[in-house]
Amino acid sequence: MRKTLTAVLGAVLLALVAAPTAAHAVPAASGPHCAVQLLRQGTVQHCFPTFREAIAFGTHGAVTDAPDAQEAATDPDFQAKVESPVARQVFTLIGVEYDAVNYGGNSFSVFRGSPCSGPVNDVDKQIGNLDVIGWNDKISSFRTYNNCLATHYYLTDYQGTHFGYWSSQASMPVIDGINMNDNTRSIRWS
């Protein structure tokens, strides 16, 4: 009995020590809709077959009835739910990026620890290289939430052509002669 208990406790301890930390967790099963958590330790991505599952995961179950990704972009009820204090208890939805115009196609929803601060003279969160999450040169529209605005850059590390901080864009604009559709390599939220 004692040897069995010691073996079980040893196995549990080994599992806990070997388990990945939240910042280095292996992404969940692949899917067209991802929840991206921007943490101090790095970026963690979990992907799901549906937008509803990605939002439920990102809000830790506070919002389990999200509409489809395209409808969510213009749905005031969805906005109210993801901006409620209950939905912001652990992670806060700051934006959704889409790979098709008019908020269609695949998506990645971006979560951070709190709403954005409001002024656009500071950076609340950023992704310096979208290739890290597999979204380099794929964004065609976006929508922000929780007091955040986003600016999209043509190059990694916030370089090159970009446009000002906006809350949403049904199709990416042409800036300085560069069509930003499918040409975003880094993003900042403020």
Side-chain angles (χ1 to χ4, degrees), residues 27-38 43-59 61-84 87 91-112 115-116 125-127 129-156 160-190:
S30 65
H33 301 283
C34 299
V36 176
Q37 298 165 324
L38 302 179
T43 302
V44 178
Q45 176 177 339
H46 299 273
C47 298
F48 302 90
T50 68
F51 180 74
R52 178 176 286 179
E53 290 171 291
I55 295 300
F57 175 83
T59 62
V63 179
T64 58
D65 60 349
D68 69 36
Q70 188 170 22
E71 183 182 336
T74 57
D75 183 352
D77 290 336
F78 174 74
Q79 180 176 350
K81 288 176 184 177
V82 298
E83 292 183 346
S84 73
F91 285 105
T92 299
L93 178 66
I94 64 170
V96 179
E97 306 288 326
Y98 300 87
D99 73 353
V101 297
N102 296 317
Y103 317 109
N106 299 332
S107 68
F108 77 89
S109 301
V110 183
F111 295 87
R112 64 169 269 166
C116 291
K125 277 298 181 185
Q126 58 191 10
I127 301 176
N129 185 350
L130 289 170
D131 203 32
V132 169
I133 59 170
W135 272 76
N136 197 34
D137 293 337
K138 291 185 179 180
I139 297 170
S140 295
S141 56
F142 70 92
R143 170 77 164 83
T144 63
Y145 297 91
N146 285 296
N147 206 36
C148 295
L149 301 173
T151 187
H152 295 66
Y153 291 81
Y154 180 65
L155 300 174
T156 60
T161 298
H162 64 96
F163 50 92
Y165 285 100
W166 294 356
S167 63
S168 68
Q169 198 61 32
S171 63
M172 300 302 270
V174 174
I175 305 291
D176 297 332
I178 296 175
N179 184 348
M180 293 297 289
N181 185 57
D182 293 335
N183 277 319
T184 296
R185 295 174 184 96
S186 55
I187 306 173
R188 282 183 165 154
W189 289 270
S190 181

Checklist entry - If every non-hydrogen atom of Met172 is compared with every non-hydrogen atom of Asn181, which pair is closest and at what distance? => result CB-N, 3.5 Å

Next on the checklist: When you compare the side chain of Trp189 with that of Ile127, does any pair of heavy atoms fall below 4.5 Å?
Outcome noted: yes

Item to check | Tyr165 and Arg188, any side-chain heavy atoms less than 4.5 Å apart | outcome: yes

Checklist entry - Does Thr161 reach the side chain of Asn183, with side-chain heavy atoms less than 4.5 Å apart? => result no

Item to check | Under 3.5 Å: donor-acceptor pair, side chain of Tyr103, backbone of Val96 | outcome: no

Checklist entry - Which distance, rounded to the nearest 0.5 Å, do you find between the CG of Asp65 and the CZ of Arg52? => result 6.0 Å

Checklist entry - Say you draw a straight line from CG of Asp137 to CG of Asp99; how long is it, rounded to the nearest 0.5 Å? => result 12.5 Å

Item to check | Inter-residue atom distance Phe91.CZ - Leu38.CG, 0.5 Å rounding | outcome: 9.0 Å

Checklist entry - Does Asn146 reach the main-chain N or O of Leu93 with its side chain, forming a donor-acceptor pair under 3.5 Å? => result yes

Checklist outcome for this item: On a heavy-atom basis, the closest approach of Glu71 and Pro67 is CD-CB, 3.6 Å

Next on the checklist: For Thr59 versus Val63, what's the shortest heavy-atom pair and its separation?
Outcome noted: OG1-N, 3.1 Å

Next on the checklist: Between Leu130 and Glu97, is the side-chain contact (heavy atoms from CB on, under 4.5 Å) condition met? List the steps.
Outcome noted: CA-CA 11 Å; Leu130 289 170; Glu97 306 288 326; over 6 Å; no

Next on the checklist: Counting C-beta onward and ignoring hydrogens, is there a side-chain heavy-atom pair between Cys116 and Leu149 closer than 4.5 Å?
Outcome noted: no

Checklist entry - Under the side-chain contact (heavy atoms from CB on, under 4.5 Å) criterion, do Gln70 and Tyr98 qualify, and how do the steps go? => result CA-CA 9 Å; Gln70 188 170 22; Tyr98 300 87; 5.7 Å; no

Checklist entry - Taking the six-membered ring for Trp, are the ring centroids of Tyr145 and Phe78 within less than 6.0 Å of each other? => result yes

Checklist entry - Does any donor atom in the side chain of Ser140 or Asp182 lie under 3.5 Å from an acceptor atom in the other side chain? => result yes

Next on the checklist: Determine whether a donor-acceptor pair (N or O, by modelled atom type, separation under 3.5 Å) exists between the side chain of Gln37 and the backbone of Phe111.
Outcome noted: no

Checklist entry - For the residue pair Ser107 and Trp135, what are the closest heavy atoms and their distance? => result C-CZ2, 3.6 Å

Checklist entry - NE2 of His162 to CD1 of Ile178: how many Å apart, nearest 0.5 Å? => result 11.0 Å

Next on the checklist: Nearest 0.5 Å, please: how far is CG in Asp68 from CG in Asp75?
Outcome noted: 9.5 Å

Checklist entry - Under 3.5 Å, is there a donor-acceptor pair between the side chain of Ser168 and the main chain of Arg143? => result no

Item to check | From CE (Met180) to CZ (Arg185), nearest 0.5 Å | outcome: 8.5 Å

Next on the checklist: Assess the residue pair Ile139 and Phe108 against the criterion (side-chain contact (heavy atoms from CB on, under 4.5 Å)); give the C-alpha distance rounded to whole Å, side-chain angles, the decisive distance to 0.1 Å, and a yes or no.
Outcome noted: CA-CA 10 Å; Ile139 297 170; Phe108 77 89; 4.2 Å; yes

Checklist outcome for this item: On a heavy-atom basis, the closest approach of Ala35 and Phe57 is CB-CD2, 3.9 Å

Checklist entry - Less than 4.5 Å apart, any side-chain heavy atom of Val110 and any of Lys125? => result no

Checklist entry - Counting N and O atoms only, with roles assigned by atom type, does the side chain of Ser84 sit under 3.5 Å from a partner on the main chain of Lys81, one being a donor and the other an acceptor? => result yes

Checklist entry - What closest approach, in Å, do Ala87 and Ala62 show between heavy atoms, and which atom pair accounts for it? => result CA-CB, 3.6 Å

Checklist entry - Once the angle between the rings of Phe142 and His152 is folded into 0 to 90°, is it parallel (under 30°), tilted (30 to 60°) or perpendicular (over 60°)? => result tilted

Item to check | Donor-acceptor contact below 3.5 Å, side chain Ser141 vs main chain Ala100 | outcome: yes

